[in-house]
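Only one structure is covered here, and it is reproduced in the block below.
Ligands are counted one by one from 1 in listed order, and the atoms in each one are counted from 1 as well.
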Amino acid sequence: MAKNSVIYPLSNVNKQGQNIVLQRGEGSYVLDRNGRRYIDLNSGLWNVPLGYGVNRYEKVIAEQCHTLHYINLISASSPKTDQFADEMIDYAGNGFARLVYACSGSEAVECAIKIARKYMYIIEEPKRKVILSFDMSYHGTTYAAMSVSGMVRETAEYTPLMEGVRFLRTPFFPGMNAAETDEREREAYLEDLEQNFRKRDVAAVLLEPVMGSGGVITLPDWYQTRLFYLMNRYGVLLIADEVATGFGRTGYKFASEKFSVKPDLLCLSKSVTNGIMPMGAVLVNQRIADTYAKKNEYVNHFSTQNGNPIACAIGCETLRLIDAKMIRRVNDQSVQWRSFLQDLRECQPHIREIRVEGLMIAIDLVDDEGSPVSMDELNLLESFALRQGMLVYMFQCPGRTAGLMLMPPYGLSGEEIGRAVRALEKVIGSIG
Ligand SMILES: Cc1ncc(COP(=O)(O)O)c(C=O)c1O
């Protein structure tokens, strides 16, 4: 009998025994201790896109365990640590030149903020310290990551948070197409943006190319154009947080490939090891790398497991597994999900909008009054989905959007997608 020693993350400390106990993973499915199968539409926590029990990983893990399982990256290197960094830079393309290791998404975000602020210091712009972030963004829960996360609530007990952060109001207009947004409303968003830049104190804009936890939200083109224009004009860096969107999730290797500008820094984690080992990294572009190099500067960031050779070996295998062919499959499946979900939308009045970016899917739900559904309702839906044999996730930005989130694994057939959507129909039909 377990002693209930675990304090579960982001849950009431008295929570005991309510979590499903998972015992096995098989492809896109997980099994509980009674042998009941669930389709994992969360892909773990968005980090197991290739599913469970991938033989090719087992082989590289065994090999690396036999060869060398740890190095201290401060004073040593190893073939795998170098190999992953080189291959990762080639895989990402887009002007990246160097890589800094981390162990999680939050740590990568922390590290990118440090690199950006110090860059401003090196180029003798030490007053530029502010990180501009979005109020519907999520970047993690370590101190700096929490401080730059717009949607992390209940932070009062943890103050003071990191200084030098400002939030931009996310231009988000659910259920409308771009042409419908009111001209005056657009102007208000753009004015807010300009005001923030005019202060000449901004070091970097931190942006998820697709805001995942906020509910699969992308910035409209008219906003993105002005944002990138202002960043260029004021010499502000772009940090792309691709912790959730990386490695094919949006139908591109990295979602920022679609941007009209190249990010200066890119944070990655999650799918890089398919959830097998904790790992993260920051990719650094040539300009920043050269600026540091010219002044013989260093990055004051490290944690003991950075660049773990087993994690690196797994990462190298991921780069081979999530290749162009796999990304084409993601795009094909995205089309299938879109078409099944469109049919669902037509028969479910509680669906306000379905937002799909590759295999990132938000089903935006409203109650009978047209307001975003409550957290209590979402909890009921999640439990209902579990009873239907599905693991799904939820999202909520109070007052703006709430609903169910799907981050399906990359290996589902059309038939499996159809079956999942039919089960979702029952789940969503239970609202009210
Ligand atoms: C966009 C984004 N950034 C950062 C993080 C934090 O990553 P981690 O939980 O590995 O610290 C997450 C986690 O969901 C994320 O979605």
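- Interface of Glu208 with ligand 1, defined as ligand atoms under 4.0 Å from a residue heavy atom, comprises 1 (C).
- Near Ser106, the atoms of ligand 1 lying under 4.0 angstrom from a non-hydrogen atom of the residue are 6 (C), 7 (O), 8 (P), 11 (O).
- Regarding atom 14 (O) of ligand 1, its nearest protein heavy-atom neighbour is Lys270 NZ, 3.0 Å.
- Under the side-chain hydrogen bond (donor to acceptor under 3.5 Å, both in side chains) rule, Tyr119 has a single partner from Arg287, Arg128, Glu125, which is Arg287.
- Paired with Tyr189 under the rule ring-ring contact (aromatic ring centres under 6.0 Å, His included), one option of Phe172, Phe173, Phe134 passes, and it is Phe173.
- The shortest N or O to N or O distance between Gly105 and ligand 1 is under 3.5 Å.
- Around NZ of Lys15, the count of heavy atoms belonging to other residues, nucleotides or ligands within 6.0 Å exceeds 12.
- For atom 3 (N) of ligand 1, the closest heavy atom belonging to the protein is Asp241 OD2, 2.7 Å.
- Under a cut-off of 6.0 angstrom, the local environment of CZ in Arg400 is crowded, with over 12 non-hydrogen atoms contributed by other residues, nucleotides or ligands.
- Remark: Lys253 is positioned above the aromatic ring of Tyr91, its terminal NZ or CZ atom under 6.0 angstrom from the ring centre and at most 45 degrees off the axis.
- Looking at Gln64, its side chain does come within 3.5 Å of a backbone N or O of Leu68 through a donor-acceptor pair.
- Using a 4.0 Å cut-off to heavy atoms of Ala244, the atoms of ligand 1 that qualify are 16 (O).
- Polar contact check, Ser269 against ligand 1: no nitrogen or oxygen pair lies under 3.5 Å apart.
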